[in-house]
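Everything numeric in this text was worked out from a predicted model, so none of it was measured. What you see below is based on every heavy atom in this structure, not just the backbone, and it leaves out hydrogens, waters and symmetry mates.
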Amino acid sequence: MDQTTEPPIGDITDCVIVGAGPAGLTAAIYLARFHLSIRLFDCGSSRAAMIPRTHNHAGYPQGIAGPELLARMHEQARLYGATCENATVAAIERDGEDFVVHTGRSAARARTVLLATGVVNHRPRGLDDATHDAALARGLLRYCPVCDGYEVTDKRVGVIGTDSHGMREALFLRSYTRDVTLIAPDSDHDLDAACLAKLDAAGIQRVDGPCGDYRIEDDRIVVRTAAGGRAFDSVYPALGSRIRSELAVAAGAAATAEGCLEVDDHQRTSIPGLFAAGDVVKGLDQISHAMGEAGVAATTIRNLLDERRPIRR
């Protein structure tokens, strides 16, 4: 069969889940235990898989690596009959009150859809993959101060960023250490008087860019700046992220200017039957938060389907 031609659509599924990070897998566990039929599609790029070890996820006093957490969640989902299909979803379209989910090689008809597609962090320009991955694994490069700010307590920290976003991240990290430097990613900082006053009051240093030539030396990461090379115990890129909401937006779902999907208290988007949970929704980008939203979404999906057609064994 031509890989670009979709085969005929088979039986209808109660719910298609797009994304197998903590939100998608939590929803899969809930829905499978509700005795609903599901299909879980994943392109294999969950941000959680990049976490060397998380220490603020409850129940793991010694922390747990992101890949291990995902593996345990996959195992739990399989225990109740849910399996994950390695595929990239290309489009979602309405079909009456149902949906058709296209992957390019297949199409699935579903009564409901849950998007748990997450976000992609913007990396510093000029940082090659090998150095990035090695620094990330050793905690020399970090993306989430809420997750691991505790680990940089009293350390020397660099924040790559500017404007109000960079300022806020630098100020947040200042609550863990006195030694924080805000590094402009480009030629100089884009900071207004109010930002400058807050940084000065907190004792946060500022260094102009451009920054680059990242390298690991012993237990530190070195960054070239306009003032020369600076060595840090950890560097945080405060460069924003790309919200992977394109599928829902293309289907007509409402989103914020930044691209976060707008949902109600039950994780319902503006399209009936289309739900969203996790980092693709505006809110706290944390594993625990994503899992909580997924539990709410899955239970709402179950109740919606029961209203359409009572669920009976």
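- Ile271 and Ala248 get closest at one heavy-atom pair: CD1-O, 4.4 Å.
- Legend: residues meeting side chain to side chain contact (heavy atoms under 4.5 Å, CB included) with Asp192, ordered by chain and number and at least two apart, are Ala194, Cys195.
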Output side-chain donor-acceptor pairs under 3.5 Å for residues 157-167, partner residues at least two apart or in another chain, one line each.
{"from": "Thr162", "atom 1": "OG1", "to": "His189", "atom 2": "ND1", "distance (Å)": "3.2"}
{"from": "Thr162", "atom 1": "OG1", "to": "Asp190", "atom 2": "N", "distance (Å)": "2.8"}
{"from": "Asp163", "atom 1": "OD1", "to": "His165", "atom 2": "N", "distance (Å)": "2.9"}
{"from": "Ser164", "atom 1": "OG", "to": "Arg168", "atom 2": "NH1", "distance (Å)": "3.3"}

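- Contact between Gly19 and Leu40 at its shortest, heavy atoms only, is O-CD1, 3.4 Å.
- Pairs of residues two or more places apart, or lying in two chains, that qualify as salt bridge (charged side-chain N to carboxylate O under 4.0 Å, His left out) and include a residue from residues 13-33 are Asp14-Arg111.
- Qualifying side chain to side chain contact (heavy atoms under 4.5 Å, CB included) partners for Pro310, counting only residues two or more places apart in sequence or in other chains: Asp306, Arg312.
- Ser245 places no side-chain N or O within donor-acceptor distance of the main-chain N or O of Leu261, the cut-off being under 3.5 Å.
- Contacts classified as ring pair (Phe, Tyr, Trp, His ring centres under 6.0 Å) and involving residues 22-44 (residues at least two apart or in different chains) are not found.
- Side-chain atoms of Ile216 and Arg138, non-hydrogen and from C-beta on, do get closer than 4.5 Å to each other.
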Can you give me every donor-acceptor pair (side chain of residues 140-149, partner residue at least two apart or in another chain, under 3.5 Å) with its distance?
{"from": "Arg142", "atom 1": "NE", "to": "Gly139", "atom 2": "O", "distance (Å)": "3.1"}
{"from": "Arg142", "atom 1": "NE", "to": "Ser234", "atom 2": "OG", "distance (Å)": "3.1"}
{"from": "Arg142", "atom 1": "NH1", "to": "Asp148", "atom 2": "OD2", "distance (Å)": "3.4"}
{"from": "Tyr143", "atom 1": "OH", "to": "His132", "atom 2": "NE2", "distance (Å)": "2.9"}
{"from": "Asp148", "atom 1": "OD1", "to": "Tyr236", "atom 2": "OH", "distance (Å)": "2.7"}

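- Looking at Asp128 and Thr131, their side chains do bring a donor and an acceptor atom within 3.5 Å of each other.
- Partners of His289 according to the ring-ring contact (aromatic ring centres under 6.0 Å, His included) rule, which considers only residues two or more places apart in sequence or in another chain, do not exist here.
- With sequence neighbours excluded, no residue satisfies side-chain hydrogen bond (donor to acceptor under 3.5 Å, both in side chains) with Glu262.
- At a cut-off of 3.5 Å, with distance as the only test, a side-chain donor of Gln286 or Asn56 sits close to an acceptor on the other residue.
- Between the side chain of Ser270 and the backbone N or O of Ala253 there is no donor-acceptor pair closer than 3.5 Å.
- Stacking of Arg94 on the aromatic ring of Phe99 is recorded, both the 6.0 Å distance cut-off and the 45° axial limit being met.
- No side-chain donor-acceptor contact under 3.5 Å links Asp279 to the backbone of Gly118.
- Shown here are the side chain to side chain contact (heavy atoms under 4.5 Å, CB included) partners of Ser45, two or more places apart in sequence or in another chain: Cys43, Arg244.
- A donor-acceptor contact under 3.5 angstrom links the side chains of Glu258 and Thr256, judged on distance only.
- Under the rule for a salt bridge (Lys or Arg N to Asp or Glu O under 4.0 Å), Arg178 has no partner lying at least two apart in sequence or in another chain.
- Within the structure, the ring pair (Phe, Tyr, Trp, His ring centres under 6.0 Å) test picks out the following pairs touching residues 54-82 (sequence neighbours left out): His57-Tyr60.
- In this structure, Arg156 satisfies the cation-pi test against Phe232, with its NZ or CZ atom closer than 6.0 Å to the six-membered ring centre and inside 45 degrees of the ring normal.
- Between Ala294 and Ala27, the shortest heavy-atom distance links the atoms CB-N, 3.8 Å.
- Applying the side chain to side chain contact (heavy atoms under 4.5 Å, CB included) rule to Thr153 yields the partners Tyr150, Tyr176; only residues at least two apart in sequence or on another chain are considered.
- With no hydrogens or angles considered, no side-chain donor-acceptor pair links Thr13 and Asp11 at under 3.5 Å.
- A pairwise comparison of heavy atoms in Cys84 and Asp42 identifies SG-CB, 3.6 Å as the closest pair.
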